[in-house]
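Okay, structure first, notes after.
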Amino acid sequence: MAYSAVHLDPLFTAGNGEKLAQFREAGCLPATVTSDEALIRHVLQLLSSLHPVLAAVLDAELLAGNRVQTVFSWPGGPFCVSLLRPFKKRYKGAMLERSLGKDPHYGPASPAIEQYSSPLAPGQFLAADKK
């Protein structure tokens, strides 16, 4: 799937700098990202580098109406895509691992975070709020 701004949380395109501030605070933006428009381009580029196993899950979620809330990528660290709403279904597959709240960037294990990772791309996660 070709990702675009319509697949993102509406706050990305609100133009109020809220998403930019959130990403800056997380310390996961290159210095060249200084505007909301640059952030959108950066996030869409990161999404295109998601492992195909995880991209298939993301694509299914986006087609079902879910939206991308954040795409955090730290140098030498995890690459985590968080969705606005809970996963529409439970995904299973030989190349897909599921865990509950194991990402250290979310603090202690949280029942609100469900993660799927590909053994072929360790450190890449999809997370969704279970509220």
Item to complete: Determine, step by step, whether D36 and T13 satisfy the side chain to side chain contact (heavy atoms under 4.5 Å, CB included) criterion, reporting the C-alpha distance in whole Å, the side-chain angles of both residues, the deciding distance to 0.1 Å, and the verdict.
Response: CA-CA 7 Å; D36 288 335; T13 55; over 6 Å; no
Report yes if some heavy atom in the side chain of [X] is under 4.5 Å from a heavy atom in the side chain of [Y]; otherwise report no.
{"X": "E114", "Y": "Y91", "value": "no"}
{"X": "H42", "Y": "P30", "value": "yes"}
{"X": "Q69", "Y": "L83", "value": "no"}
{"X": "E61", "Y": "F87", "value": "yes"}
{"X": "T34", "Y": "L20", "value": "no"}

Pair up each side-chain donor or acceptor in residues 48-57 with any protein partner under 3.5 Å, not counting sequence neighbours, and list the distances.
unit_1 : atom_1 : unit_2 : atom_2 : d
S48    : OG     : Q45    : O      : 2.6
S49    : OG     : L46    : O      : 2.7
H51    : ND1    : V53    : N      : 3.1

- request: Show the numbers, then the answer: is there a side chain to side chain contact (heavy atoms under 4.5 Å, CB included) between Y3 and V68?
  value: CA-CA 10 Å; Y3 304 113; V68 172; over 6 Å; no
Taken to the nearest 0.5 Å, the spacing of L126 CG from C80 SG works out to 7.5 Å
Taken to the nearest 0.5 Å, the spacing of N16 CG from L11 CG works out to 6.5 Å
Q115 and A127 have their tightest heavy-atom pair at CG-CB, 4.2 Å
Check whether any side-chain N or O of [X] sits under 3.5 Å from a backbone N or O of [Y] as a donor-acceptor pair, and report yes or no.
{"X": "R41", "Y": "V33", "value": "no"}
{"X": "K92", "Y": "R98", "value": "no"}
{"X": "Q124", "Y": "S117", "value": "no"}
{"X": "W74", "Y": "A26", "value": "yes"}

Does the side chain to side chain contact (heavy atoms under 4.5 Å, CB included) test come out yes or no for T70 and K19, once each step is laid out? CA-CA 8 Å; T70 58; K19 282 289 184 183; 4.2 Å; yes
Proximity of F72 and F23 rings by center, below 6.0 Å: yes
Test side chain to side chain contact (heavy atoms under 4.5 Å, CB included) applied to L63 and M1, step by step: CA-CA 10 Å; L63 288 171; M1 171 182 291; 3.6 Å; yes
Would a hydrophobic clustering, with Ile, Leu, Val, Met, Phe, Trp and Tyr connected at side-chain separations under 4.5 Å, put L39 with L84?
no
Paired with L8, the side-chain contact (heavy atoms from CB on, under 4.5 Å) test is passed by just one of V71, L47, L62, namely L47
